[in-house]
Visitor: 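Got a structure here, written out as structure tokens. Questions coming.
Labels below follow one simple rule: chain letters A, B, ... track the order of the sequence lines, proteins then strands, and each chain is numbered from 1.
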Amino acid sequence: MRAGNHLTLILQNIISAMGYSLPAKLTVEPPKDKSFGDLAVNCAMLLAKEAGLPPRALAEDIATRLRAASPDIANVAVAGPGFLNITFSPTFWQENIAIVEKAGSCFGTAAATGKKVQVEFVSANPTGPLHIGHGRGAAVGDSLCRILTAAGHTVSAEYYINDAGKQMRTLGKSIWLRALALTGKSDAPFPEDCYQGSYIIDSARALLSQNPQLTESPEAEGIDACYAYGMRTIFAGIKQDLADFDVQNQEDFSELSLTHSGAVERALAQLEQAGHTFIEGGAFWFRTTPLGDDKDRVLRKSDGSLTYFASDIAYHANKYERGFDHVIDVWGADHHGYIPRMRAAITALGRQQSDFDVVLVQLVNLLRDGEQIAMSTRAGQFETLSDVLKEVGADAARFMFLSRKSDSKLDFDLALVKQRTMDNPVYYVQYAHARIQAVWRRAAERNLNIDAHTSLACLTQEEELDLLRMLDRFPQVVNDAAANLAPHYISYYLMDLAGLLHRYYAAHSILGGDDAELMVARLRLLRAVGYVLRNGLNLLGVSAPETM
RNA sequence: GCGCCAGUAGCCCAGCUGGAUAGAGCAACAGGCUACGAACCUGUAGGUCGGAGGUUCGAAUCCUUCCUGGCGCACCA
């Protein structure tokens, strides 16, 4: 990051002195092979194209100017079709330690952008406990919040409760029927369209012990009581599961509050005024096809009731009314067909497409020793998130969820996630952090004077420079993860950084020699690596342990 | 039928806003604890990036088409 910015600035001066402007598609990145140098840049090829000159000669020219440009640049080589491979001086890299030390837990955090971002995730109907798939959504949503915050945005996390729909009435009915059966009021078979899980029976039993007269009530009243009780207790359980999963600061937003406040009617009126609606077959429609959807959508059914889509439009309108510049929804990938109509609504609400993003999270296959465990809330057979967390721990579960692109399916093998092997790299990364802490504990016993002004010039081993270069990349990785809404960028970076640390540790003794200055410099390097490991793990919501 | 996602080493996956000889890990094989934590490290081997066309100086990456797998295509939520 620092190296890249530094180089870009120097290049800008050189290229403008040559009478050109810096190509927009310029890339500055680590070269394919580190023996080439520290950074590779393709500016000569891009310029050659623009100027109609041979790239090789242009590259040689720029290289000559680069060599003279800054004492930080130790070497410039021209390679292949016109790449410039730049090597910085060790001094330049060694300065990274002081930079990381100064920033501490803020290293990797960008300056405030003033942009307000909202991330909505999980938002499961409170009709049953969270399962493993919700866990993935929670990990992705929460981690995105942490990453976007680090990228300088002002971020809010939200959980949308669909408490206005049919599924919640079904929940009430399910508990009611179980209560009737428990009190011997009915021996009818339990309907298939009701929730089958044993937690429904538990819920009915608990409610009956609170209110033994429940089943004496008229049906409508009884179902209402069951609904209210079930909703409240199940939702409390969900929030507890999310808290156990280290989900931070997520606020709840009720669908009912929208319908009650008249927000849905207002949103529909807004669409109607803008000419996006029509009436057909007794229903009120939103003409989404001109806005990229493949068919028009009903907002108010011919029986007068509203569709889910109608309140969802109102909900998103509400988000923008609350001042969010960028709205991000984390959805299960089975809802991907819903994206075009939601995008149509965003346009109709007068917002830019770039103000809205959907992060799709593919379903999770829960396995045990390679064998699939079936999951379905309705059929009542599933392993809950809470069971999984008890078995494997939140850290391992989160890292597993976040070490894969969110939009690709994931096998979550309970046996594997408990293993401490590289198939399960959370421990590899955490171990690197714990190892650093262990060395520092040893160092503390020796009463060393760790003076921040000691020289770092002795850090010239290849493994040391590798670590220093890697530290420098962290802010850029955070930035890229935020821009691409991709938490797994962080995971892969951390695995790489941990790998370099373990390699270094195996190759060089930190406390072994009698050169005190070298010892201190190495301790400082390790500490800087430790900070970055901790900061990165924190972006994933995974702990950075002192010991393991 | 239409749409979205995926197909990269024996396995699990990165890389995809075009750049150099396609990368980790696991498994396999050969090594390394009298050093600060071996939950670790070193080395070897392993590939027509699903197939075929195209775009250009250059394609795993972009376009077209086909094959395979997953998921969607409601006046459900």
Visitor: Quick check on B:rC76: is either OP1 or OP2 less than 4.0 Å from any side-chain nitrogen or oxygen of A:Lys301?
Guide: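 Yes, A:Lys301 has a side-chain N/O under 4.0 Å of OP1/OP2 on B:rC76.
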
Visitor: Map A:Leu511 and A:Pro31 onto RNA chain B by nearest heavy atom, then report which one ends up closer to the 5' terminus.
Guide: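 It is A:Pro31 whose nearest nucleotide is closer to the 5' end.
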
Visitor: Scan every strand shown for a Watson-Crick or G-U wobble partner of B:rG58, both distances under 3.5 Å, and answer none if you come up empty.
Guide: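 No nucleotide pairs with B:rG58.
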
Visitor: For the side chain of A:His502, starting at C-beta, report the closest nucleotide among B:rC41, B:rA39, B:rA38.
Guide: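 Among the listed nucleotides, the one closest to the side chain of A:His502 is B:rC41.
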
Visitor: Could you tell me whether A:Phe284 and A:Phe278 have their ring centroids closer than 6.0 angstrom?
Guide: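 No, ring centres 6.0 Å or more apart.
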
Visitor: Counting Watson-Crick and G-U wobble pairs only, both distances under 3.5 Å, name the nucleotide matched with B:rG47, or none.
Guide: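 Checking every strand shown, B:rG47 finds no partner, since no pair has both distances under 3.5 Å.
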
Visitor: Which part of the nucleic acid, if any, lies within reach of A:Asp33 when heavy atoms closer than 4.0 Å are counted: base, sugar-phosphate only, or nothing?
Guide: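 Nothing, no heavy atom under 4.0 Å.
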
Visitor: Taking only the side-chain heavy atoms of A:Ser408 (C-beta and beyond), determine which of B:rA14, B:rG37, B:rA77 contains the nearest atom.
Guide: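 Among the listed nucleotides, the one closest to the side chain of A:Ser408 is B:rA14.
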
Visitor: If you measure from the C1' atom in B:rU48 to the same atom in B:rA60, how many Å do you get, rounded?
Guide: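 After rounding to an integer number of Å, I get 13 Å for this pair.
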
Visitor: Measuring to OP1 and OP2 of B:rC36, would you say a side-chain N or O of A:His508 lies under 4.0 angstrom away?
Guide: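 The answer is no; no side-chain N or O of A:His508 sits under 4.0 Å from OP1 or OP2.
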
Visitor: Do the ring centers of A:Tyr493 and A:Phe474 come within less than 6.0 Å of each other?
Guide: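 That pair passes the under 6.0 Å test.
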
Visitor: Mind checking A:Tyr428 for me? I need base, sugar-phosphate or nothing, with any heavy atom below 4.0 Å counting as a touch.
Guide: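 The answer is sugar-phosphate, as A:Tyr428 gets under 4.0 Å only of primed atoms, P, OP1 or OP2.
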
Visitor: Could you tell me which nucleotide pairs with B:rC73 by Watson-Crick or G-U wobble geometry, both distances under 3.5 Å, or answer none if nothing does?
Guide: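 Pair assignment: B:rC73 / B:rG1.
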
Visitor: When you get a sec, tell me which of B:rC36, B:rA20, B:rG3 is the closest nucleotide to the side chain of A:His336?
Guide: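 From the listed options, B:rG3 comes nearest.
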
Visitor: Measure CZ/A:Arg56 against P/B:rG58 and give the value in whole Å, please.
Guide: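 After rounding, the gap between these two atoms is 18 Å.
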
Visitor: For A:Glu29 and B:rU61, give me the distance from atom CD to atom C1', rounded to whole Å.
Guide: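 The answer, rounded to whole Å, is 13 Å.
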
Visitor: Would you indicate what A:Ala164 reaches in the nucleic acid, counting non-hydrogen atoms under 4.0 angstrom: base, sugar-phosphate, or nothing?
Guide: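 Nothing: the residue A:Ala164, judged by heavy atoms under 4.0 Å, touches no strand.
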
Visitor: Is there a salt bridge (Lys or Arg N to Asp or Glu O under 4.0 Å) between A:Asp466 and A:Lys34 once you walk through the steps?
Guide: CA-CA 9 Å; A:Asp466 284 344; A:Lys34 80 175 190 206; 2.8 Å; yes

Visitor: In whole Å, I'd like the distance from the OH atom of A:Tyr308 to the P atom of B:rA77.
Guide: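 From A:Tyr308 OH to B:rA77 P: 10 Å.
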
Visitor: Please measure how far the C1' atom in B:rG7 lies from the corresponding atom in B:rA14, and state the result in whole Å.
Guide: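 These two C1' atoms come out 15 Å apart once rounded.
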
Visitor: Students often mix this up, so state it plainly: with edges at 30° and 60°, are the rings of A:Phe286 and A:His276 parallel, tilted or perpendicular?
Guide: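 Geometry flag for A:His276 against A:Phe286: perpendicular rings.
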
Visitor: Paired with B:rU42 by Watson-Crick or G-U wobble geometry, both distances under 3.5 Å: which nucleotide is it?
Guide: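 Across any shown strand, B:rU42 pairs with B:rA30.
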
Visitor: Mind checking whether A:Tyr492 and A:His488 have parallel, tilted or perpendicular rings, split at 30° and 60°?
Guide: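 Perpendicular, since the angle between the ring planes exceeds 60°.
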
Visitor: What is the nucleic acid contact for A:His488, judged by heavy atoms within less than 4.0 Å: base, sugar-phosphate only, or nothing?
Guide: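 Since only primed, P, OP1 and OP2 atoms lie under 4.0 Å of A:His488, the category is sugar-phosphate.
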
Visitor: Consider the side chain of A:Ala434, meaning its heavy atoms from C-beta on, and name the nucleotide among B:rG72, B:rG37, B:rC36 that approaches it most closely.
Guide: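 So the side chain of A:Ala434 is nearest to B:rG37.
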
Visitor: Measure CG/A:Asp407 against P/B:rG7 and give the value in whole Å, please.
Guide: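 Spelled out: CG on A:Asp407 to P on B:rG7 is 11 Å.
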
Visitor: Sticking with atom C1', work out how far B:rU55 lies from B:rU68, rounded to a whole angstrom.
Guide: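 Straight-line distance between the two C1' atoms is 26 Å.
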
Visitor: Would you call the rings of A:Phe356 and A:His316 parallel, tilted or perpendicular, where under 30° means parallel and over 60° means perpendicular?
Guide: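 Perpendicular: the ring planes of A:Phe356 and A:His316 meet at over 60°.
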
Visitor: For B:rG25 and B:rC40, measure between their C1' atoms and round to the nearest Å.
Guide: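 Straight-line distance between the two C1' atoms is 14 Å.
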
Visitor: Choose from B:rA74, B:rG37, B:rA77 the nucleotide whose nearest atom is closest to any side-chain atom of A:Tyr505.
Guide: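 Of B:rA74, B:rG37, B:rA77, B:rG37 is nearest to the side chain of A:Tyr505.
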
Visitor: Counting the atoms with a prime plus P, OP1 and OP2 as sugar-phosphate, which does A:Phe284 contact under 4.0 Å by heavy atoms, base, sugar-phosphate, or nothing?
Guide: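 Here A:Phe284 touches no strand at all.
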
Visitor: Tell me which nucleotide among B:rC36, B:rA39, B:rC13 gets nearest to the side chain of A:Tyr492.
Guide: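 Output: B:rC13.
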
Visitor: Are A:Ile510 and A:Tyr504 close enough that some pair of their side-chain heavy atoms sits under 4.5 Å apart?
Guide: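 Contact flag for A:Ile510/A:Tyr504 side chains = yes.
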
Visitor: Does the structure show a Watson-Crick or G-U wobble partner for B:rG53, both distances under 3.5 Å? Name it, or say none.
Guide: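 The answer is B:rC63, by the H-bond criterion.
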
Visitor: For the residue pair A:Arg287 and A:Thr277, establish whether any side-chain heavy-atom pair is separated by less than 4.5 Å.
Guide: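 No - every pair of side-chain heavy atoms lies 4.5 Å or more apart.
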
Visitor: Classify the nucleic acid contact of A:Lys405 as base, sugar-phosphate or nothing, counting any heavy atom under 4.0 Å across all strands shown.
Guide: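 Contact class for A:Lys405: base.
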
Visitor: Take the angle between the ring planes of A:Tyr315 and A:Tyr160 and call it parallel below 30°, perpendicular above 60°, tilted in between.
Guide: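 Rings of A:Tyr315 and A:Tyr160: parallel, under 30°.
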
Visitor: Tell me the interatomic distance from A:Asn42, atom CG, to B:rU17, atom C1', rounded to whole angstroms.
Guide: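 After rounding, the reported distance stands at 13 Å.
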
Visitor: On a whole-Å scale, what distance lies between the P atoms belonging to B:rA28 and B:rC73?
Guide: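 Taking atom P in both B:rA28 and B:rC73, they lie 44 Å apart.
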
Visitor: Of A:Glu265, A:Glu280, A:Glu272, which meets salt bridge (charged side-chain N to carboxylate O under 4.0 Å, His left out) against A:Arg300?
Guide: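 Checked A:Glu265, A:Glu280, A:Glu272 against A:Arg300; only one passes salt bridge (charged side-chain N to carboxylate O under 4.0 Å, His left out): A:Glu265.
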
Visitor: Pick out the pairs of N or O atoms, protein on one side and nucleotides 42-50 of chain B on the other, that lie under 3.5 Å.
Guide:
unit_1, atom_1, unit_2, atom_2, d
B:rU42, OP1, A:Arg503, NE, 2.5

Visitor: Write down the distance between CG (A:Leu497) and P (B:rA24), rounded to a whole number of angstrom.
Guide: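 One finds 17 Å between P of B:rA24 and CG of A:Leu497, rounded.
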
Visitor: Give the rounded distance in Å between these two atoms: CG of A:Leu367 and P of B:rC11.
Guide: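 These atoms are roughly 17 Å apart.
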
Visitor: Which is true for A:Lys32 with a 4.0 Å heavy-atom rule: it touches a base, it touches only sugar-phosphate, or it touches nothing?
Guide: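 Base contact.
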
Visitor: Considering every strand and a 4.0 Å limit on heavy-atom distances, what is the contact class for A:Met495: base, sugar-phosphate, or nothing?
Guide: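 No contact.
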
Visitor: With both distances under 3.5 Å as the test, what is the Watson-Crick or G-U wobble partner of B:rA22?
Guide: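 Pair assignment: B:rA22 / none.
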
Visitor: When the nearest nucleotide of RNA chain B is assigned to A:Arg446 and to A:Thr27 on a heavy-atom basis, which residue is associated with the more 5' position?
Guide: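 Closer to the 5' end of RNA chain B: A:Thr27.
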
Visitor: Categorize A:Ser305 for me: base, sugar-phosphate, or nothing, with a 4.0 angstrom heavy-atom threshold over every strand shown.
Guide: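 Touches nothing.
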
Visitor: Taking atom C1' in both B:rG1 and B:rU56, compute the distance separating them and give it to the nearest angstrom.
Guide: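 Roughly 36 Å separates the two C1' atoms.
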
Visitor: What's the CD1-P distance between A:Ile339 and B:rC71, to the nearest Å?
Guide: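 Between P of B:rC71 and CD1 of A:Ile339: 17 Å.
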
Visitor: So A:Tyr489, base contact, sugar-phosphate only, or nothing? Heavy-atom distance under 4.0 Å.
Guide: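 The answer is sugar-phosphate, as A:Tyr489 gets under 4.0 Å only of primed atoms, P, OP1 or OP2.
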
